[in-house]
Undergrad: 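First the structure, which I've put down as structure tokens, then a few questions once you've had a look.
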Amino acid sequence: MRPLLFELDAAPGLADRLNAHLGADRGALARRQFPDGETYLRLETPVEGRDVILLCTLDRPDAKTLPLLFAAEAARDHGAKSVGLIAPYLAYMRQDEEFQAGEAVTSKTFARLLSGQVDWLVTIDPHLHRYPTLGALYPIPAEAAHAAGPLAEWIRHEVPEPVIVGPDEESAQWADEIASLAGARAMVLRKVRSGDYDVSIDAAGLGDLSGTPVIIDDIASSGRTLIETVELLRKAGAAAPICAVVHPIFAGDSYSELLGAGAARIVSTNSIAHDTNAIDVSGPLADAARTVLTRIGAILPHGRQLTPEARAQGGPE
Ligand code: R5P
């Protein structure tokens, strides 16, 4: 039977594109806030025996997480065969260590919370720094799709003589791959972050500045990484840079500040709804979801509705 996809929160059009890629049906869901601020949620489409997919991007996650958990549990209670989550942006990946005594390692807690309610997870370019893979953090089948292909394609079509700039060492993984796919040069800079809004980029890594710089980053949050990189490139005499971002959170006024710093153009993927959305990532997300759905066809991690074969292999009860 076709999977059933419920949209909780996503960029406009993403759910329809995913549905088309996955051959899924669209589920209807009613949701509202009670006067006291609590959430009312109802799955209007029957889920019994269906592979349910919840689509919920998790920027500004605190307000989105409870409705997501309610939806997951409701689907399970009403007999869904499996309940998966496509979270184009996966929150709470950056606090991956206790940097100062007493800090909550929120990545761990969040992973435990989601993994307790959904059978599988798909996201795109999660911020994996100290965790080598998504599976090192999430104990459920979890797939990370990549936006490098769609980003490189956009650059190839839109940017004359691109030179890919990664603002920090972590961005090397995207910068190098995108440069190779787009047939461009890449330079990776070094960043020191001393606080949420306190970022400096080392000029020492700047190379040949001819061409159109395209700064690539996975997340634009405070925007400081991109702003500092744009300013550095402008001061060094480069052409006005283009900024290409996978996850356009753009907190506060950071978007207008980035434009004010001299970015020629800012584009992003539709992992999070933003005016800059120009690059569709429904294809890689759907491919990753298909891979996981195929895998859980054999063994469901929560042991619900196991196939006889899976039970024979000692799948979870
Ligand atoms: C950091 O390591 C990430 O790759 C991004 O560069 C960072 O999250 C961007 O954050 P902000 O916009 O706050 O500088």
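Along the sequence shown, residues are numbered consecutively beginning with 1. Ligands are counted one by one from 1 in listed order, and the atoms in each one are counted from 1 as well.
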Undergrad: Decide if atom CG of Asp253 counts as having more than 12 heavy atoms of other residues, nucleotides or ligands within a radius under 6.0 Å.
TA: no
Undergrad: Can you list, by chain and residue number, the hydrophobic cluster partners of Tyr40 when the side-chain cut-off is 4.5 Å?
TA: Phe34
Undergrad: How far does CD1 of Ile215 sit from CG of Leu233, to the nearest 0.5 angstrom?
TA: 5.0 Å
Undergrad: Would one find more than 12 heavy atoms of other residues, nucleotides or ligands at under 6.0 Å from atom CD of Gln33?
TA: yes
Undergrad: Under 4.5 Å between side-chain heavy atoms, chaining through other members, with only Ile, Leu, Val, Met, Phe, Trp and Tyr counted: pull out the rest of the cluster around Phe99, sorted by chain and number.
TA: none
Undergrad: I'd like the contact residues of ligand 1, where contact means a heavy atom below 4.0 Å.
TA: Arg94, His127, Asp168, Glu170, Lys191, Arg193, Asp217, Asp218, Ile219, Ala220, Ser221, Ser222, Gly223, Arg224, Thr225
Undergrad: Using side chain to side chain donor-acceptor pair (under 3.5 Å) as the criterion, list what pairs up with Tyr131, not counting sequence neighbours.
TA: Ser107
